Structures are given as C-alpha cells and as structure tokens.
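Worksheet: one structure, shown below.
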Amino acid sequence: MAIVIRLYKISDRPAVRRICSDTADLGKPVENFFSDREIFADFLTGYYTDYEPQALWVAESDTTAAGYLSGCLDNRRYARVMFGKVIPGVFIRAALRGVFWRKDIWHILTALFKSYLIGGFNRKKYLGLYPAHLHINLAADFRHQGLGNMLMERFLTQAGQANIPGVQAAVCQDNQPACDFFRQSGFSVLGSYPMVRPKGKKSLQLTHTLVYGVKL
C-alpha cells in the first residue's frame with residue numbers, strides 16, 4: 001500500500017468532511033448523536049479547510065484520502081476566526097436547513113451549555129507554551145497502519161520550522177486508542193477539563209477532556 005502524506009487540496013474537501021463525520025463519536029459515525037453531517041462537518045472542519053489549509057495534511061492511499069491531520073499554528077487566531085466567522089456561518093446555514101427544528105441539535109446545545117457552566121472550555125493557560133494544536137482522523141479501513149505517525153511527524157516538523165514552542169491536542173478520556181496514540185507520540189497530559197457530551201440522541205454523559213502537549 002503506497003501512502004503519500006501531502007498538504008490539503010481543495011479537491012480533498014469532501015473526503016475530509018466525510019472522514020470527520022464518519023469518526024465523530026469516538027471513531028463511529030456522527031449519526032449516533034446528530035443527524036446532519038453537513039452542519040457537523042462545517043463546524044469541525046470549516047476553519048482548517050477555509051482559513052488554514054496550509055497546516056492541513058492528508059494521508060493518501062492510491063489516490064484515496066485515508067485520513068487527515070488538521071493543524072493550527074496560532075490558537076489565538078483560531079479562536080478569533082471561529083467565533084467571528086465560522087460559528088456565525090454555521091448557525092446561519094443550520095437555520096436555513098431547518099436544523100433548529102430537530103431535537104438532536106438542542107441535545108447538543110444543552111451539552112455545550114452545561115460544559116461551559118462547569119468550565120469545560122477554559123483552556124487559556126496552555127496558550128503560551130503550546131500555542132498550536134492538532135486533530136487527527138483516520139478512515140476505519142486505514143487505522144493501525146502507521147498513518148497517524150506519518151501525519152504527526154509531518155505537522156510537528158512544520159510547527160518546529162515555524163518556531164512554535166509546543167503543540168497541544170484535546171482528547172476525550174473515553175477515547176483510549178487516541179490517548180495511547182498521543183502518549184506513544186511523545187505527548188504528556190497537561191491537564192483535564194470536565195465536559196458534558198451527548199451519549200446517543202437522548203442522554204448526556206459527564207466525562208473529561210484531556211489536554212496533551214509536546215514541546216518542540
């Protein structure tokens with residue numbers, strides 16, 4: 001199997017969005033808790049594909065996108081763009097698609113609001129030493145084949161060349177394979193935050209987000 005690690009191209013957009021939605025629920029499809037994968041992909045991938053594609057890496061197997069690493073070299077810029085452009089755009093598109101008439105969106109918004117109330121989004125203390133972040137998603141057929149390591153190596157090299165002092169990644173504590181992967185990649189746990197996440201379409205689960213970091 002010939003694997004190529006390369007920068008994102010516009011033609012990769014559908015594949016990136018598909019993989020994002022296919023792996024949204026701890027490696028399983030987003031439909032487990034939300035019915036509109038287009039809106040979900042807008043929210044999760046829109047920043048990287050539209051505003052920082054130069055840090056979005058794709059693993060390609062025989063012309064097929066097998067996975068991707070969405071990177072950000074400036075977390076402060078990410079926050080400005082997300083709150084100023086991406087999220088407002090997502091809400092407008094969601095309204096036009098009638099998403100707010102569906103019960104599952106209110107289930108998700110309730111989880112987000114409860115997470116906010118218990119401090120689940122207060123992560124500013126790591127910005128100084130770890131001003132960059134990343135996410136990795138692999139299609140189910142291409143896991144456990146070293147693609148994550150290849151994507152990670154390419155992005156960390158890019159971040160190092162940009163004089164970034166450290167990179168962080170947020171992982172749900174229930175995602176044991178992801179936690180193992182980051183530890184094996186040289187990351188250590190910087191801290192944790194409480195998080196309320198949907199468990200299916202009717203219940204909520206209190207868990208924690210682990211923040212991993214590596215210095216460059």
Side-chain angles (χ1 to χ4, degrees), residues 1-8 12 15-16 18-30 32 44-45 47-48 52-62 64-75 78 120-121 123 125-195 197 205-216:
M1 181 178 61
I3 298 294
V4 175
I5 306 297
R6 58 168 176 76
L7 282 173
Y8 167 86
D12 296 317
V16 167
R18 172 179 52 77
I19 295 170
C20 171
S21 296
D22 284 347
T23 59
D25 187 25
L26 302 182
K28 297 178 180 179
V30 66
N32 284 356
L44 266 293
T45 69
Y47 170 82
Y48 307 99
E52 199 170 351
Q54 66 273 20
L56 176 52
W57 294 89
V58 172
E60 182 181 81
S61 173
D62 297 328
T64 298
Y68 67 89
L69 182 153
S70 50
C72 169
L73 297 176
D74 185 346
N75 287 330
Y78 170 83
F121 300 113
R123 306 175 188 176
K125 63 181 179 180
Y126 303 120
L127 288 179
L129 294 177
Y130 304 90
H133 74 257
L134 65 89
H135 304 278
I136 292 182
N137 281 319
L138 301 176
D141 292 342
F142 294 95
R143 295 171 190 164
H144 310 297
Q145 299 178 29
L147 275 66
N149 292 327
M150 289 187 278
L151 286 164
M152 179 73 78
E153 180 181 3
R154 192 63 59 90
F155 177 70
L156 293 184
T157 297
Q158 179 185 36
Q161 291 173 344
N163 296 318
I164 302 296
V167 176
Q168 61 176 277
V171 181
C172 178
Q173 69 172 8
D174 303 320
N175 192 344
Q176 193 59 51
C179 293
D180 292 342
F181 169 76
F182 279 102
R183 284 196 295 268
Q184 292 165 7
S185 298
F187 285 67
S188 58
V189 176
L190 305 177
S192 67
Y193 296 88
M195 180 67 64
R197 64 183 298 270
Q205 176 185 19
L206 176 63
T207 182
H208 281 76
T209 295
L210 302 179
V211 180
Y212 284 86
V214 64
K215 293 184 178 179
L216 303 180

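These numbers were taken from a predicted model, which means no experiment stands behind them.
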> So which heavy atom on Ala132 is nearest to which on Ile164, and how close?
Replying inline: CB-CG2, 3.7 Å
> Within the distance-only criterion (no hydrogens, no angle test), does the side chain of Arg143 pair as donor or acceptor with the backbone N or O of Leu138 below 3.5 angstrom?
Replying inline: yes
>> Do Leu26 and Gln176 make a side-chain contact, defined as non-hydrogen atoms from C-beta onward lying under 4.5 Å apart?
In response: no
> When rounded to the nearest 0.5 angstrom, what is the spacing between OG1 in Thr45 and NE2 in His135?
Replying inline: 11.0 Å
> Atom OG of Ser70 and atom OH of Tyr47: how far apart are they, to the nearest 0.5 Å?
Replying inline: 10.5 Å
> With respect to Phe155, which candidate in Leu73, Leu56, Ile136, Ile5 satisfies the side-chain contact (heavy atoms from CB on, under 4.5 Å) definition?
Replying inline: Leu73
> Would you say the side chains of Glu153 and Asn149 form a donor-acceptor pair under 3.5 Å?
Replying inline: no
> What distance do Leu210 atom CG and Gln173 atom CD have between them, rounded to the nearest 0.5 Å?
Replying inline: 6.0 Å
>> How close do Val214 and Gly186 get, counting heavy atoms only, and between which atoms?
In response: CG2-O, 3.7 Å
>> Using every non-hydrogen atom in the two residues, find where Leu151 and Ala59 come nearest and quote the distance to one decimal.
In response: CD2-N, 3.9 Å
>> When you compare the side chain of Phe121 with that of Met195, does any pair of heavy atoms fall below 4.5 Å?
In response: yes
>> Please give me the minimum heavy-atom distance between Tyr212 and Cys179, naming the atom from each residue.
In response: OH-CB, 3.3 Å
>> Using the side-chain hydrogen bond (donor to acceptor under 3.5 Å, both in side chains) criterion, which residues pair with Gln54? Sequence neighbours excluded.
In response: none
>> Determine whether a donor-acceptor pair (N or O, by modelled atom type, separation under 3.5 Å) exists between the side chain of Asn75 and the backbone of Tyr130.
In response: yes
>> Distance check, rounded to the nearest 0.5 Å: Leu69 atom CG versus Leu147 atom CG?
In response: 11.5 Å
>> Using side-chain heavy atoms (C-beta onward) and a distance below 4.5 Å, is Cys20 in contact with Asp22?
In response: no
> With side chains defined as the heavy atoms from C-beta onward, is the minimum distance between Leu129 and Pro165 less than 4.5 Å?
Replying inline: no
>> What's the separation between atom CH2 in Trp57 and atom OG1 in Thr157, rounded to the nearest 0.5 Å?
In response: 8.5 Å
> Where do Tyr193 and Gly120 come nearest, in terms of heavy atoms and distance?
Replying inline: CB-O, 4.0 Å
> Which atom pair, heavy atoms only, marks the closest approach of Gly191 to Tyr126?
Replying inline: CA-OH, 3.3 Å
> For the atom pair SG (Cys72) and CG (Leu134), what is the distance rounded to the nearest 0.5 Å?
Replying inline: 10.0 Å
>> Please check: side-chain N/O of Asn137 versus main-chain N/O of Tyr68, any donor-acceptor pairing under 3.5 Å?
In response: no
